[in-house]
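Single-structure report; data block below.
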Amino acid sequence: MTSPGPGVAVVTGAAGGLGRAVAAALHAEGWPVLLTDLDPDAAAAAAAPLGGWSAALDVRDEAACAEIAATAASRGDLGLWVNNAGILVTGHSWEHDGPTRRRVFDVNTHGAINGTLAALAVMRGQGHGHVLNIVSLAGLIAAPGETVYAASKHALLAFSLGTLSDLRMAGYGRVHVSCLCPDGIWTPMLHDRLDDPGAAASFTGSMLTPQRVAARAARLARRPRPVVSLPRWRGAQVRLLDTLPRLAVGLTPLVQAVGRAGQRRQSRRTAPTDRN
């Protein structure tokens with residue numbers, strides 16, 4: 001078993017999907033993990049085989065995030081906070097009403113900011129700690145059909161990197177912020193998107209398993225880096241396209257076609273029972 005160093009870990013959105021897999025991967029490496037989720041019963045069920053430590057958390061509530069950070073720190077130093085909670089909406093940007101746009105930013109951006117700042121309030125006092133933000137490849141390039149989601153992830157990436165620079169300017173050399181940017185992951189977030197043209201961009205690469213992403217998150221927890229993409233080649237690909245916006249926009253029909261083919265391929269691979 002690898003020793004992660006002092007402290008405990010908090011994972012948001014940990015009742016299922018990637019969050020649950022990340023919590024399990026951290027637990028396997030020896031981290032005491034506090035699993036949090038909007039659904040306290042689901043969080044408790046996910047935590048049962050991992051030591052049974054769970055709590056309800058609405059990441060949109062800044063005070064609640066601070067309370068969770070204090071709870072975690074009561075069992076030892078707060079070593080790691082993983083901002084995983086997120087929601088996806090698809091479709092043309094003008095199709096979403098104001099409340100929908102605000103909900104996406106409130107969870108994906110402000111929720112992660114709340115968690116980051118709550119964790120850093122403790123970690124700066126300790127003099128060490130690590131915030132790991134689950135971003136997405138959509139945080140590196142504007143994914144067609146997922147515009148509002150991508151915008152929320154772009155904002156989170158900028159906040160994370162800026163905060164890391166702020167920490168270094170303030171002299172906190174042992175407090176880290178990392179961003180993990182995975183390709184599409186086969187979790188409940190995408191299970192009902194196989195016939196959704198707006199989600200096609202999430203199916204343009206190789207569909208990842210939650211366990212593969214969680215394993216990379218656990219490695220990143222041990223060795224902080226500002227930005228890590230998974231797979232690495234996809235990160236290089238989308239970063240190149242991001243530097244050539246005219247080309248990227250021109251390739252939109254091709255991206256859509258490749259994504260729709262990926263959706264059909266994933267549909268053939270996945271039994272109906274797997275999507276329930």
Side-chain angles (χ1 to χ4, degrees), residues 13 17-19 59-60 83-113 133-160 179-210 213 227-231 233-267 270 275:
L18 178 59
V59 297
R60 298 170 295 181
N83 283 307
N84 167 75
I87 57 176
L88 171 68
V89 297
T90 61
H92 301 309
S93 59
W94 57 84
E95 294 176 346
H96 305 303
D97 58 18
T100 298
R101 293 192 302 271
R102 283 190 291 273
R103 183 166 61 92
V104 172
F105 275 85
D106 282 346
V107 176
N108 295 355
T109 308
H110 297 301
I113 288 174
N133 288 327
I134 306 297
V135 182
S136 168
L137 282 185
L140 301 177
I141 192 168
E146 299 177 355
T147 303
V148 173
Y149 173 78
S152 72
K153 293 298 189 176
H154 272 66
L156 176 57
L157 184 69
F159 174 82
S160 301
C179 295
L180 180 58
C181 301
D183 207 346
I185 312 169
W186 189 240
T187 66
M189 183 179 281
L190 292 180
H191 286 182
D192 62 351
R193 304 285 183 173
L194 292 173
D195 297 317
D196 179 2
S202 291
F203 293 84
T204 53
S206 300
M207 189 60 58
L208 302 173
T209 65
V213 180
V227 180
V228 170
S229 58
L230 185 69
W233 71 269
R234 283 283 279 170
Q237 180 188 63
V238 300
R239 282 182 177 274
L240 175 61
L241 285 175
D242 194 46
T243 65
L244 302 167
R246 185 175 180 180
L247 175 62
V249 171
L251 290 175
T252 297
L254 176 61
V255 171
Q256 184 75 0
V258 171
R260 292 295 280 159
Q263 287 172 309
R264 293 191 292 272
R265 184 167 57 250
Q266 186 66 22
S267 184
T270 309
R275 299 198 294 270

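- Remark: S160 engages N133 in a side-chain hydrogen bond (donor to acceptor under 3.5 Å, both in side chains) (not counting sequence neighbours).
- Looking at residues two or more places apart in sequence or on another chain, you find a side-chain contact (heavy atoms from CB on, under 4.5 Å) between T90 and L88, E146, R193, D196, A199.
- In this structure, the separation between CG on L156 and CD1 on I113 is 7.0 Å, given to the nearest 0.5 Å.
- Here the closest non-hydrogen pair linking G235 and L140 is CA-CD1, 4.5 Å.
- Remark: R60 engages D58 in a salt bridge (charged side-chain N to carboxylate O under 4.0 Å, His left out) (not counting sequence neighbours).
- Shown here for A155 and T109, the closest heavy-atom pair between the two residues is CB-CG2, 3.8 Å.
- Side-chain contact between V104 and H96 is absent, with no heavy-atom pair separated by less than 4.5 Å.
- Taking 4.5 Å as the limit, some side-chain heavy atom of Y149 sits within range of a side-chain heavy atom of N108.
- A donor-acceptor pair is defined here as one N or O able to donate and one able to accept, closer than 3.5 Å; such a pair exists between the side chain of Q256 and the backbone of P197.
- Here CD1 of I141 is found 11.5 Å from OG of S136. Values are rounded to the nearest 0.5 Å.
- Residues satisfying the salt bridge (charged side-chain N to carboxylate O under 4.0 Å, His left out) criterion with R234, sequence neighbours excluded, are D183.
- Taking every heavy atom of both residues into account, L194 and S267 meet most closely at CD1-CA, 3.9 Å.
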>> Using the rule given for side chain to side chain contact (heavy atoms under 4.5 Å, CB included), can you reason through L190 versus M207, listing the C-alpha separation, both sets of side-chain angles and the distance that settles it, and then say yes or no?
In response: CA-CA 10 Å; L190 292 180; M207 189 60 58; 4.1 Å; yes
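- Distance NE2/H110 to CZ/R103: 14.0 Å, rounded to 0.5 Å.
- Note on ring orientation: taking the six-membered ring where Trp is involved, the planes of H191 and W186 are tilted (angle from 30° to 60°).
- Every residue was checked against the salt bridge (charged side-chain N to carboxylate O under 4.0 Å, His left out) condition with D106, not counting sequence neighbours, and none meets it.
- Residues forming a side-chain contact (heavy atoms from CB on, under 4.5 Å) with P99 (at least two apart in sequence, or on another chain): D97, R102.
- Closest approach of A142 and A150 over heavy atoms only: CA-CB, 4.3 Å.
- In terms of heavy atoms, G139 sits closest to L157 at O-CD2, 3.4 Å.
- Counting only distance, with no hydrogens or angles, the side chain of H154 and the backbone of A138 share a donor-acceptor pair below 3.5 Å.
- R260 pairs by the salt bridge (charged side-chain N to carboxylate O under 4.0 Å, His left out) definition with nothing, not counting sequence neighbours.
- Of the residues listed (I134, L18, V227), the one engaging L180 in a side chain to side chain contact (heavy atoms under 4.5 Å, CB included) is I134, and it is the only one.
- Scanning all heavy atoms of the two residues, the minimum distance from C181 to V135 falls at SG-CB, 3.8 Å.
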Give the table of side-chain donor-acceptor pairs shorter than 3.5 Å for residues 242-252, with sequence neighbours excluded, one pair per line with atom names and distance.
| from | atom 1 | to | atom 2 | distance (Å) |
| --- | --- | --- | --- | --- |
| T243 | OG1 | L240 | O | 2.6 |
| T252 | OG1 | V249 | O | 2.8 |

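- Atom OG of S152 sits about 8.0 Å away from atom CD1 of I87, to the nearest 0.5 Å.
- Residues satisfying the side-chain hydrogen bond (donor to acceptor under 3.5 Å, both in side chains) criterion with D195, sequence neighbours excluded, are absent altogether.
- Residues satisfying the side-chain contact (heavy atoms from CB on, under 4.5 Å) criterion with T209, sequence neighbours excluded, are Q211, R212.
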